[in-house]
Amino acid sequence: MRNYTKPEKKQVVDDFLQMLRKAVAPYIKKYKEARKTPKGYWISDFSGYRIKDSSKVQVDHNAAIGKSFRQLAHKFISDKQIDLDLVSFMSKKELDSILKDWVQFHNIECELQIVSASQNKYLWLKYKDKINLPYTCFYIN
């Protein structure tokens with residue numbers, strides 16, 4: 001079995017996307033809790049079924065309409081002309097400003113939906129060709 005070494009530029013993209021995910025995590029959690037019914041379960045936006053186990057409830061970015069997390073992140077990076085090659089050289093103040101802008105952008109642009117874990121996996125497989133943007137497309141140069 002060969003050892004896989006992730007290309008450095010892919011690692012930069014993955015790290016930046018993880019930073020973006022962490023920035024919106026509180027809003028995703030808030031969305032999930034707000035969608036809980038008074039009886040303590042969730043209704044899947046995909047199937048209409050009840051999801052009673054909180055560990056199986058997931059919040060999905062709707063890829064069917066072009067608003068997957070990666071698609072939104074790509075649009076944000078492109079619109080803001082963020083040079084990922086320079087991210088590691090940015091000050092905390094610069095990064096905080098980018099993350100603040102990202103949270104605003106995300107919360108305006110995203111289309112979230114409640115789904116079960118298995119539905120989320122199904123949706124990922126169904127739309128993976130749309131949402132699985134190659135890391136190279138995140139670079140503006």
Side-chain angles (χ1 to χ4, degrees), residues 2-141:
R2 280 198 241 167
N3 287 338
Y4 172 73
T5 304
K6 194 182 286 191
E8 185 179 338
K9 285 189 174 263
K10 183 175 186 342
Q11 187 64 56
V12 169
V13 170
D14 290 348
D15 291 348
F16 191 73
L17 292 178
Q18 187 60 31
M19 194 177 357
L20 296 181
R21 278 192 190 282
K22 283 182 182 178
V24 296
Y27 301 93
I28 301 295
K29 183 177 180 181
K30 193 175 185 179
Y31 176 85
K32 179 181 173 181
E33 286 308 310
R35 296 292 309 277
K36 190 175 189 179
T37 68
K39 292 188 177 187
Y41 58 84
W42 292 262
I43 305 290
S44 167
D45 292 315
F46 179 70
S47 66
Y49 292 134
R50 290 183 193 165
I51 309 168
K52 296 178 181 176
D53 184 346
S54 66
S55 70
K56 293 183 179 170
V57 176
Q58 295 185 357
V59 177
D60 177 54
H61 288 79
N62 195 339
I65 59 170
K67 297 208 174 189
S68 73
F69 178 84
R70 270 181 100 87
Q71 289 166 318
L72 289 175
H74 180 263
K75 183 172 177 11
F76 175 75
I77 291 166
S78 296
D79 289 356
K80 291 285 186 179
Q81 291 290 293
I82 299 169
D83 188 344
L84 295 180
D85 287 323
L86 300 178
V87 168
S88 63
F89 300 104
M90 290 180 184
S91 68
K92 181 174 176 5
K93 186 177 179 180
E94 289 171 309
L95 282 175
D96 287 347
S97 177
I98 287 172
L99 292 177
K100 182 180 175 190
D101 290 348
W102 160 247
V103 168
Q104 274 187 313
F105 174 86
H106 176 272
N107 291 345
I108 291 168
E109 293 292 324
C110 74
E111 289 288 333
L112 302 174
Q113 58 185 354
I114 294 292
V115 294
S116 70
S118 60
Q119 290 167 346
N120 201 8
K121 185 175 184 177
Y122 166 79
L123 290 169
W124 185 87
L125 289 170
K126 182 175 181 175
Y127 295 107
K128 74 178 182 180
D129 291 338
K130 270 180 143 177
I131 63 176
N132 218 9
L133 303 172
Y135 74 90
T136 53
C137 77
F138 286 90
Y139 286 90
I140 58 176
N141 295 331

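All residue numbers refer to positions in the sequence shown, counting from 1.
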Taking only residues two or more places apart in sequence, or in another chain, which ones meet D14 in a side chain to side chain donor-acceptor pair (under 3.5 Å)?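 Side chain to side chain donor-acceptor pair (under 3.5 Å) check on D14 returns K6, K10.
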Does a side-chain heavy-atom distance below 4.5 Å link [X] with [Y]?
| X | Y | result |
| --- | --- | --- |
| S54 | W42 | yes |
| K9 | D85 | yes |
| H106 | F76 | no |
| S88 | V12 | no |
| D101 | F105 | no |
| D45 | R35 | yes |
| Q18 | K22 | yes |

Quick check for you: to the nearest 0.5 Å, what is the distance between [X] atom [atom1] and [Y] atom [atom2]?
| X | Y | atom1 | atom2 | result |
| --- | --- | --- | --- | --- |
| C110 | Q71 | SG | CD | 13.0 Å |
| S68 | K128 | OG | NZ | 14.5 Å |
| K80 | K75 | NZ | NZ | 11.0 Å |
| N120 | Q58 | CG | CD | 4.5 Å |
| I65 | E111 | CD1 | CD | 4.0 Å |
| I98 | I77 | CD1 | CD1 | 9.5 Å |

Quick check: closest heavy atoms across [X] and [Y], and the distance to 0.1 Å?
| X | Y | result |
| --- | --- | --- |
| A64 | N62 | N-OD1, 3.1 Å |
| S44 | Q119 | OG-OE1, 2.7 Å |
| I131 | R70 | O-CD, 3.3 Å |
| I43 | G48 | CG2-O, 3.6 Å |
| L99 | A23 | CD2-CB, 4.1 Å |
| M90 | D83 | CE-O, 4.5 Å |

I'd like to know if the side chain of Y27 and the backbone of N107 have a donor-acceptor N/O pair within less than 3.5 Å.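 No: the side chain of Y27 does not pair with the backbone of N107.
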For Y49, is the OH atom crowded, meaning more than 12 foreign heavy atoms sit under 6.0 Å from it? no
Using a cut-off of 6.0 Å, state whether more than 12 heavy atoms not belonging to K130 lie near its atom NZ. yes
Option among I82, D15, V13 that satisfies the side-chain contact (heavy atoms from CB on, under 4.5 Å) test with V87: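 So, applying the side-chain contact (heavy atoms from CB on, under 4.5 Å) to V87 and each of I82, D15, V13, only I82 qualifies.
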Stepwise side-chain contact (heavy atoms from CB on, under 4.5 Å) test for R50 and T37: CA-CA 10 Å; R50 290 183 193 165; T37 68; over 6 Å; no
Kindly indicate, with the supporting measurements, whether the criterion side-chain contact (heavy atoms from CB on, under 4.5 Å) is fulfilled by K36 and V57. CA-CA 10 Å; K36 190 175 189 179; V57 176; over 6 Å; no
Are F69 and W102 close enough that their ring centers fall under 6.0 Å? yes
F16 and F138 aromatic centres sub-6.0 Å: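 Not under 6.0 Å, so no.
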Let's go through L112 and H61 carefully: what are the C-alpha distance in whole Å and the side-chain angles of both, what is the deciding distance for side-chain contact (heavy atoms from CB on, under 4.5 Å) to 0.1 Å, and is it a yes or a no? CA-CA 5 Å; L112 302 174; H61 288 79; 3.7 Å; yes
Matching residue for D96 among K92, K100, K93 - test: side chain to side chain donor-acceptor pair (under 3.5 Å):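 That would be K92; it is the only one of K92, K100, K93 passing the side chain to side chain donor-acceptor pair (under 3.5 Å) with D96.
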Identify, with sequence neighbours excluded, every residue that meets side chain to side chain contact (heavy atoms under 4.5 Å, CB included) alongside K56.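 If we apply the side chain to side chain contact (heavy atoms under 4.5 Å, CB included) test to K56, skipping adjacent residues, the hits are I51, D53.
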Please walk me through it: do W124 and D60 pass side-chain contact (heavy atoms from CB on, under 4.5 Å)? CA-CA 9 Å; W124 185 87; D60 177 54; over 6 Å; no
